[in-house]
J.: 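The structure's right below; bear with me while I get my questions together.
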Amino acid sequence: MDSATSDRGEPRQALSSTADNGLKIVIVGGFGVGKTTMVRSVSEIRPLNTEETMTKAGEAVDDTEGITAKTATTVAFDFGRITLDAHNVLYLFGAPGQERFWFLWDRLFSGTLGAVVLADTRRLADSWYAIDRLEHHGTPFVVACNDFGGPAHTPEQVRGALDLPPEVPLLFCDARSRASSKQVLISLVEHLQHLQRARPPQTALQPPIPEPTP
């Protein structure tokens with residue numbers, strides 16, 4: 001596979017001409033939970049992002065409690081890519097977290113194979129809307145708690161706070177780490193494979209989900 005170099009000196013992987021199956025995953029969650037960071041950490045290409053500097057004008061509409069150091073925010077979506085094998089490519093879309101941009105979510109969910117709900121344990125209530133919309137659309141998802149160095153919570157406490165069914169995978173991660181973020185995506189793919197195998201044969205209309213790469 002050919003590669004190029006980005007203007008930051010990073011390798012930029014060209015898409016193989018044999019890639020013919022695109023799989024879409026959306027990363028959603030509240031404002032400032034690390035969605036842009038996760039896309040950046042795992043994408044094999046320089047991610048497309050729509051971050052803009054936060055201004056005084058947004059203070060009246062964006063709740064920055066607990067994230068006062070945040071200076072930029074996504075206003076449309078983030079986009080990254082991971083090649084799974086010669087034929088299968090994973091496309092990552094990071095959704096904006098502010099309530100005023102939630103109207104974009106339903107469009108981003110269209111054609112989505114599955115989703116990651118990224119959560120901040122200091123502000124778990126911010127994850128409720130994401131979970132509600134995914135359940136409304138019938139989109140499978142996992143929940144990943146991003147490490148912000150706050151008070152530790154047990155999985156049982158997080159599940160109780162988010163009212164998560166036992167079949168929904170719950171993970172703890174560091175979105176800054178490629179290995180940690182990659183493991184979240186692997187867990188999502190494994191969850192999707194489990195759901196696919198559990199379906200009656202007549203309802204399994206989509207092509208098999210590729211095995212995750214360790």
J.: Donor-acceptor pair, Lys35 side chain versus Asp78 backbone, under 3.5 Å?
T.: no
J.: Treating Asn146 as the side-chain partner and Ala119 as the backbone partner, does any N or O pair qualify as donor plus acceptor under 3.5 Å?
T.: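 Looks like no, no N/O pair under 3.5 Å.
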J.: NE2 of His194: more than 12 outside heavy atoms within 6.0 angstrom?
T.: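 Not more than 12 within 6.0 Å, no.
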J.: CE/Met38 to NZ/Lys182 distance, rounded to the nearest 0.5 angstrom?
T.: 13.5 Å
J.: Quick check: does any side chain N or O of Glu135 sit under 3.5 Å from a backbone N or O of Asp132, one acting as donor and the other as acceptor?
T.: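 Side chain of Glu135 to backbone of Asp132: no pair is present.
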J.: Lys24 side chain to Ser110 main-chain N or O, any donor-acceptor pair under 3.5 Å?
T.: yes
J.: Are any non-hydrogen side-chain atoms of Phe141 and Val168 less than 4.5 angstrom apart?
T.: yes
J.: Is there side-chain contact between Cys145 and Val158, with at least one heavy-atom pair below 4.5 Å?
T.: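 When only atoms from C-beta onward are counted, Val158 and Cys145 do touch, with a gap below 4.5 Å.
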J.: Between CZ of Arg159 and CG of Leu124, what distance do you get to the nearest 0.5 Å?
T.: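 These two atoms lie 13.0 Å from each other.
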J.: Could you walk me through whether Val143 and Leu164 pass the side chain to side chain contact (heavy atoms under 4.5 Å, CB included) test, one step at a time?
T.: CA-CA 9 Å; Val143 175; Leu164 281 184; 3.8 Å; yes
J.: Let me see the working for Leu84 and Val89 under side chain to side chain contact (heavy atoms under 4.5 Å, CB included), right down to the final yes or no.
T.: CA-CA 5 Å; Leu84 300 178; Val89 179; over 6 Å; no
J.: Using 0.5 Å steps for rounding, measure from the CG atom of Leu188 to the CD atom of Gln193.
T.: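 Those atoms lie 10.0 Å apart.
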J.: Is there a donor-acceptor pair closer than 3.5 Å between any side-chain N or O of Ser41 and the backbone N or O of Ala175?
T.: yes
J.: Side chains of Leu192 and Leu113: does their closest heavy-atom pair fall under 4.5 Å?
T.: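 They are in contact (side-chain heavy atoms under 4.5 Å apart), so the answer is yes.
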J.: If we only count heavy atoms from C-beta on, is the Leu162 to Ile131 side-chain gap below 4.5 Å?
T.: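 Result yes, sub-4.5 Å side-chain heavy-atom pair found.
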J.: Side chains of Asp126 and Asp120: closer than 4.5 Å at any heavy-atom pair?
T.: no
J.: Determine, stepwise, if the pair Val116 / Val28 fulfils side chain to side chain contact (heavy atoms under 4.5 Å, CB included).
T.: CA-CA 6 Å; Val116 173; Val28 294; over 6 Å; no
J.: Does a side chain donor of either Ser180 or Asp174 reach within less than 3.5 Å of an acceptor in the other side chain?
T.: no
J.: Report the C-alpha separation of Leu195 and Glu167 in whole Å, then their side-chain angles, then the decisive distance to 0.1 Å, and conclude whether the side chain to side chain contact (heavy atoms under 4.5 Å, CB included) test is met.
T.: CA-CA 10 Å; Leu195 293 176; Glu167 64 270 16; over 6 Å; no
J.: Using 0.5 Å steps for rounding, measure from the OG1 atom of Thr121 to the CZ atom of Phe172.
T.: 7.5 Å
J.: Could you measure the distance from the CG atom of Leu90 to the CG atom of Leu92? Nearest 0.5 Å is fine.
T.: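 With rounding to 0.5 Å, CG (Leu90) is 5.0 Å from CG (Leu92).
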J.: Taking atom CG of Asp163 as the centre, does the number of heavy atoms from other residues, nucleotides or ligands within less than 6.0 Å exceed 12?
T.: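 Check fails, neighbour count at 12 or below.
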J.: Using side-chain heavy atoms (C-beta onward) and a distance below 4.5 Å, is Val117 in contact with Val142?
T.: no
J.: For residues Thr139 and Thr112, is any side-chain donor paired with an opposing acceptor at under 3.5 Å?
T.: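 Thr112 and Thr139 do not have a side-chain donor-acceptor pair below 3.5 Å.
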J.: May I ask you to decide if Phe31's main-chain N or O and Arg123's side chain share a donor-acceptor pair within less than 3.5 Å?
T.: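 Checking the backbone N and O of Phe31 against the side chain of Arg123, a donor-acceptor pair under 3.5 Å is found.
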J.: Would you confirm whether Ser43, through its side chain, and Val39, through its main-chain N or O, come within 3.5 Å as a donor-acceptor pair?
T.: no
J.: Quick check: does any side chain N or O of Arg81 sit under 3.5 Å from a backbone N or O of Ile45, one acting as donor and the other as acceptor?
T.: no
J.: Rounded to the nearest 0.5 Å, what separates atom OG in Ser181 from atom CD1 in Ile82?
T.: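 Between atom OG of Ser181 and atom CD1 of Ile82 there are 9.0 Å.
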